[in-house]
Amino acid sequence: MDIFDFSDGREGYYGEYGGVFLPEILHATIEELLSCFRECKSDPKFWQDYVALLQGYSGRPTPVTYLENLSRELGGAQIYVKREDLNHTGSHKINNVMGQGLLCQRLGKKRVIAETGAGQHGFATATMAAKFGFECKIYMGAVDVARQRPNVFWMENLGAEVIAVEDGQQTLKDAINECMRDWVTNMADTHYILGTACGPHPFPEMVSWFQSIIGIEAREQIVNQTGRLPDRVYACVGGGSNAMGIFQGFFDDNNVELIGCEAGGHGVGSYMHAARLAYDDASVGVAQGFKTYFLQNDEGNMNKTHSVAAGLDYIGINPIFAHLWEQGKVRFEAATDMEVKEALRLTMRTEGLIPALESTHAFVTALKEAPSMGKDEIILINQSGRGDKDIFTIADALDDAKWKSFIGGKADQYRGEES
Amino acid sequence: MDIFDFSDGREGYYGEYGGVFLPEILHATIEELLSCFRECKSDPKFWQDYVALLQGYSGRPTPVTYLENLSRELGGAQIYVKREDLNHTGSHKINNVMGQGLLCQRLGKKRVIAETGAGQHGFATATMAAKFGFECKIYMGAVDVARQRPNVFWMENLGAEVIAVEDGQQTLKDAINECMRDWVTNMADTHYILGTACGPHPFPEMVSWFQSIIGIEAREQIVNQTGRLPDRVYACVGGGSNAMGIFQGFFDDNNVELIGCEAGGHGVGSYMHAARLAYDDASVGVAQGFKTYFLQNDEGNMNKTHSVAAGLDYIGINPIFAHLWEQGKVRFEAATDMEVKEALRLTMRTEGLIPALESTHAFVTALKEAPSMGKDEIILINQSGRGDKDIFTIADALDDAKWKSFIGGKADQYRGEES
Amino acid sequence: MGLESYIAERKQKKDLLVMAHVVCGYPSFEDNLQELEIMAEAGVDLVELQFPFSEPSADGPLFVRANEESLKSGTSVDQCFEFMAKVSARFPFKLLMMGYYNTVFKMGEARFIERLVQAGGVGYILPDLPVEEAGNLYALSEQAAVEPIILMTPTSSHKRLAQLGAASRGMVYVVARKGVTGSKTDMGDDVVALIERCRQHTDVPVGVGFGVSSKRDMDFLRGHADLAIVGTAALKTWEQSGADGLRTFFAELLA
Amino acid sequence: MGLESYIAERKQKKDLLVMAHVVCGYPSFEDNLQELEIMAEAGVDLVELQFPFSEPSADGPLFVRANEESLKSGTSVDQCFEFMAKVSARFPFKLLMMGYYNTVFKMGEARFIERLVQAGGVGYILPDLPVEEAGNLYALSEQAAVEPIILMTPTSSHKRLAQLGAASRGMVYVVARKGVTGSKTDMGDDVVALIERCRQHTDVPVGVGFGVSSKRDMDFLRGHADLAIVGTAALKTWEQSGADGLRTFFAELLA
Ligand SMILES: Cc1ncc(COP(=O)(O)O)c(C=O)c1O
Ligand SMILES: Cc1ncc(COP(=O)(O)O)c(C=O)c1O
């Protein structure tokens, strides 16, 4: 299956989803980007350089780890984890960013902008910009700036300017709008490093292509380690880049079931979640440059979303998944905030892994399904990132008294210094 | 050169340094440990298992990254970095800990204890204990608990009990004493996972052996990447485990200069540092189970030490280095707190790397020496860990106003919840 | 009467028409009415009524906030159409719907055109709907005799302008500079050259917008453009100095 | 008179001798003197004077704090030796230096032995100096006729006990249980068996320490050990109930 073969359908469309819905002023920029991307994609040297860069800088290939303890405790399927958390900057986001960095070099642009939700994409972009010598501006919803301060701190120290976006819900979608506004002004010297497999064509395809390195590695690794293909592959889905990344390794394997795990937030019916496909609340619309399922009201205005994981808290699903879901090729489930907390606790204590809150959504679903599977069945989870960045959120979520009193003490110390 | 061939000298001695100076009650335990270790060391299968474990769980081999920008800016030697920061839990400490975990399994013990300074070793140990299913207690000086709270938070969430040691200077050495006290009581079922290449024999040898994986990989990688050996290799030295780890790859290469970088703290003459060999303030003594250079007064009581990097803030140098230094085989330099802050800033902005404060000491010395070296010369720095864990210290050091106001806001939020 | 002939008719009396802009429901529909009253008095020729949207990514800060506030106060699409109907009944100028494509998409393109016609609108501006995606909507528009206003920009290639020109009807909207609405444009040779380039590819009247804010800009555009499009500057004036201010603003602009 | 004959002599009058412990300079040398006075009155036979060290890793919490406080108040090795000289001149019991090897190492082994003899000490206990490392110090001690007190422990193998026994002089210190100083030991068959095991490998008198704190412990040890070694229990009593308490403590212990 080549979902990126548009020769039969319309360029940039996956079924009826995708496309380019942008102000006319960006038309030329998108054309330029698309042709540069086509050049890169058809140039084997580009991919080699890309892989070499990630090997040397980010520690790829990341391993696949067997979770012996959890598999035994749950008594069902054998559980394996693809360790994107071991990447430089702590998540899969670096893959896409390094790829777009190389592409930006080819475009001859000297400045990059990016939106970020959890801050991981911003962190990765700031890192790439430092390495490539690009000027860098990161747009981040003010709410996210507040809950992901450690990432903001690192971005700034890496030399990026971080703009807290005060519009709208002050989260990821608003940061994307703000990026668009920057881009329509500065496209001549600026490349927009979109952080996930959403947005106008060619972003979904391009980000998916860079992230496909996850699935290429993972397929080979799991086959080497277990002698066979997994029965199910789980990945969390914000914009869908890590999930597209790992799923692409298995698109041609008909017996491998692919499960996308969305943010269930407060659960079904709460309207405080970001489950576009797993729940029934989303409908098709056009926003942020593309057509897909959005959490929106009848008039097409976006609803408030919520997740304990800032990186999943997005209104739209990537257009490729909207299509694959309708085709029955990818199943969608949601994990609630509560379930995420429990699974995180369990994974930390049982395996010594600290998945990012985003990634933990994939663990929730996998751990729920593993017990009813056979001992000879194999599960692969994509651990898209590490939880270090979430210390404030996790400490809050687990209501850690010592952490709180530590923070109180620190605050007092700082106030003391001031006066 | 095989420094661990004791057939000519005394077992566990490096020149006149090393040995076992422990209460008689531990004699049998140390004998048992030594014989188990000898078994493991002579069993090629053990090493294979060890390497496989680290590959699958911690992402080894870690890459060697070329710092193109810094090399160009400094205009001297070509700078390469061994990326121990990409390990699971964020530092080289995991190597030793996983090795000792396997050994502990062989010993048939079910409980582990460890001291920790920066918290990296405790974090790694708690992680290993979760994975191996050991009960785990971590001793940490109360001062270090205060300055490394994020690591404490993770240790606890990984299921370890963390004890804040209130004795003495409330730092690393006091945590070691407390471990000894636990060990003399519970040795029957407890293995003491010492975190660095210090302490009584066979710890310096054993920790060095596990860490030698760094040097084995690094030598091969740098030769593959550059076609030759490096001219100089730099590593920071707390207890000396990461430095021993990388240096062992080059002990037989006479033209490779090895440079250990100690904590210069407030500088020469300040008596607020932990430079045992680079400065003139240490003398030979016996404490914490072994003989080496300690920062102590004339009567043999230990002096207060200081470093911006909790993991380097240790009174004694490992006995192997004491010997190699006297033999002129390893040069020692110190980096001050101020220099560390500058080098960290530079490395973040120029290369997108965030070395741990400990590792940054090696960067300081390397960056100081690189400009006066030839463009055809090669430098290899061991980046022993990542700086994420240091966010509070770095934010303090860089006096980051936004961070401080964020912490103030968090504290207010927590206080609000209470009332 | 179609948009193009309306413009032609008005142009017989003055050489540069003015299109103004109102965000429906911001600060309130009552305020909107007052603004429109002033515009009508001043002799404005065309008005865009912006239907607020939650993701106004082509708008600058002032309109972003206006969209947001309007939605917060409960503005619905129904209200916007009702308002349009009322306004078109009451004032001499013609009305365009301005908004984002999702508003149209969600209600259905056919229904949108139907309601637009019912409310008396003569066209629409959807900045995030490129011509490639607009085939069906344009066909429906043609049947209903309402005009899709196509945007031409400084970054459009000749080839692209040809394509846009071929699809253009009623008028084209020439975007005077890169960026979003709301900041000042340096009117100069660039803008003139751009208008010339656009005219090579279309015969419909040319409006120029983005940053038009003063009599000077009007004088500059006269002879080059058919319409000057005034957006942010008017809203800023209304916010800062109310009805009197706005009256003065348009008086000076149209003097 | 050497330590062994001293013990033999004292044992003629009573069947279980007592060795007590004082941390030099904690709470102060004056307090130490008072404590020793009380010990002397009660008939204590031997006293360990602990020279404080910054890393007392074989000690329990009470002694750890005592070491720390003593150093903080400025106690020096010179003062400890001076104090030892004064005490040995004044009291009937014999004195042992107790401390960590670094104190000895830093001043030089020969000098240490010299000063110990000058101060009237008859031996020393260095818990972190294993016999393997003690060759030179033991030789010097033999020349000076002071005794290194060797520790035997519940974890020592027969082979190890044989090695320790061969090196033992003056007396051996049998550690009644695992752990550091300061917690209670369950005196029972294990302890008796341990003492028996130790006696198989040495002929010198046997002291038993770690957790000895009551008349019951004394009664238990009588007939098995030659000396009961009392450490933490006495210091705890002093801290909690001062001179009177300590007097009662030893009176009961030695009753
Ligand atoms: C660790 C991690 N996982 C997953 C996501 C979700 O993004 P995507 O669905 O594009 O992988 C994010 C986004 O920030 C993230 O940081
Ligand atoms: C990142 C890092 N580097 C270095 C050290 C110093 O230890 P060693 O000298 O044993 O490598 C530590 C100790 O905690 C550490 O955390």
Side-chain angles (χ1 to χ4, degrees), chain A residues 10-13 18-32 115 165-170 173-190 199-201 283-292 294-304 315-316, chain C residues 51-61 63-65 67-68 70-72 75-80 99-107 125-134 150-157 159-161 163-164 172-183 210:
Chain A
R10 281 181 298 160
E11 167 90 18
Y13 269 89
V20 179
F21 293 83
L22 285 181
E24 184 58 34
I25 192 120
L26 282 173
H27 182 81
T29 307
I30 286 283
E31 293 271 282
E32 171 195 46
E115 86 293 346
V165 177
E166 309 277 356
D167 303 325
Q169 298 176 19
Q170 315 192 345
K173 72 170 185 62
D174 311 289
I176 292 179
N177 292 336
E178 209 51 37
C179 269
M180 288 292 175
R181 291 179 194 118
D182 184 313
W183 209 24
V184 297
T185 314
N186 302 303
M187 67 285 245
D189 71 339
T190 298
H201 184 64
S283 62
V284 180
V286 175
Q288 310 222 294
F290 68 117
K291 186 191 287 186
T292 193
F294 286 102
L295 290 162
Q296 55 182 333
N297 66 17
D298 292 344
E299 302 201 330
N301 290 306
M302 299 300 139
N303 289 336
K304 233 179 134 42
I315 47 171
Chain C
F51 285 30
F53 180 51
S54 61
E55 317 304 313
S57 56
D59 278 294
F63 284 162
V64 168
R65 201 161 43 77
N67 274 266
E68 208 176 315
S70 176
L71 286 175
K72 231 185 245 162
T75 302
S76 68
V77 172
D78 283 354
Q79 288 174 343
C80 293
Y100 289 80
Y101 178 57
N102 205 35
T103 305
V104 177
F105 179 81
K106 283 297 284 184
M107 96 180 60
I125 304 174
L126 298 170
D128 66 339
L129 183 70
V131 288
E132 289 79 0
E133 299 288 352
I150 281 176
L151 279 72
M152 292 180 162
T153 81
T155 63
S156 309
S157 64
K159 195 173 142 223
R160 182 65 176 173
L161 287 178
Q163 203 180 342
L164 297 174
V172 294
Y173 188 137
V174 173
V175 175
R177 57 153 172 76
K178 297 174 193 169
V180 290
T181 56
S183 25
F210 275 52

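Here the structure is a predicted model, which is why all the values come from computation and not from measurement. So you know, we letter chains A, B, ... as the sequences are listed, proteins then strands, and number each from 1.
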For a 4.5 angstrom cut-off between non-hydrogen side-chain atoms, does [X] reach [Y]?
X      : Y      : answer
C:N102 : A:F21  : no
A:E24  : C:V175 : no
A:E299 : C:S54  : no
A:I25  : C:K178 : yes
C:V64  : A:R181 : yes

Nearest 0.5 Å, please: how far is [atom2] in [Y] from [atom1] in [X]?
X      : Y      : atom1 : atom2 : value
C:D128 : A:M180 : CG    : CE    : 10.0 Å
C:S57  : A:D167 : OG    : CG    : 11.5 Å
A:M302 : C:L71  : CE    : CG    : 11.0 Å
A:Q169 : C:E55  : CD    : CD    : 7.5 Å
A:R10  : C:E132 : CZ    : CD    : 11.0 Å
A:T185 : C:R177 : OG1   : CZ    : 7.5 Å

If you count heavy-atom pairs within less than 4.5 Å of chain C, which of [options] leads?
options                : value
A:L26, A:V284, A:D174  : A:V284
A:G285, A:S283, A:A28  : A:G285
A:Q288, A:M187, A:E178 : A:M187

Can you tell which part of [X] gets under 4.5 Å to a heavy atom of chain C, answering side chain, backbone, both or neither?
X      : answer
A:D298 : backbone
A:N186 : neither
A:Y13  : side chain
A:Q296 : side chain

Just give me the residue among [options] that pairs up with chain A most often, heavy atom to heavy atom, under 4.5 Å.
options                      : value
C:R160, C:R65, C:E68, C:M152 : C:R160
C:G60, C:S76, C:A58          : C:S76
C:L151, C:D78, C:T103, C:V77 : C:V77

Which answer fits [X], side chain, backbone, both or neither, if we ask what part of it has an atom under 4.5 Å from a heavy atom of chain A?
X      : value
C:D59  : backbone
C:S156 : side chain
C:P52  : backbone
C:I150 : neither

- Determine the minimum heavy-atom distance between C:F53 and A:V286, stating which atoms define it.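 Where C:F53 meets A:V286 most closely, the heavy atoms are CZ-O, 4.3 Å.
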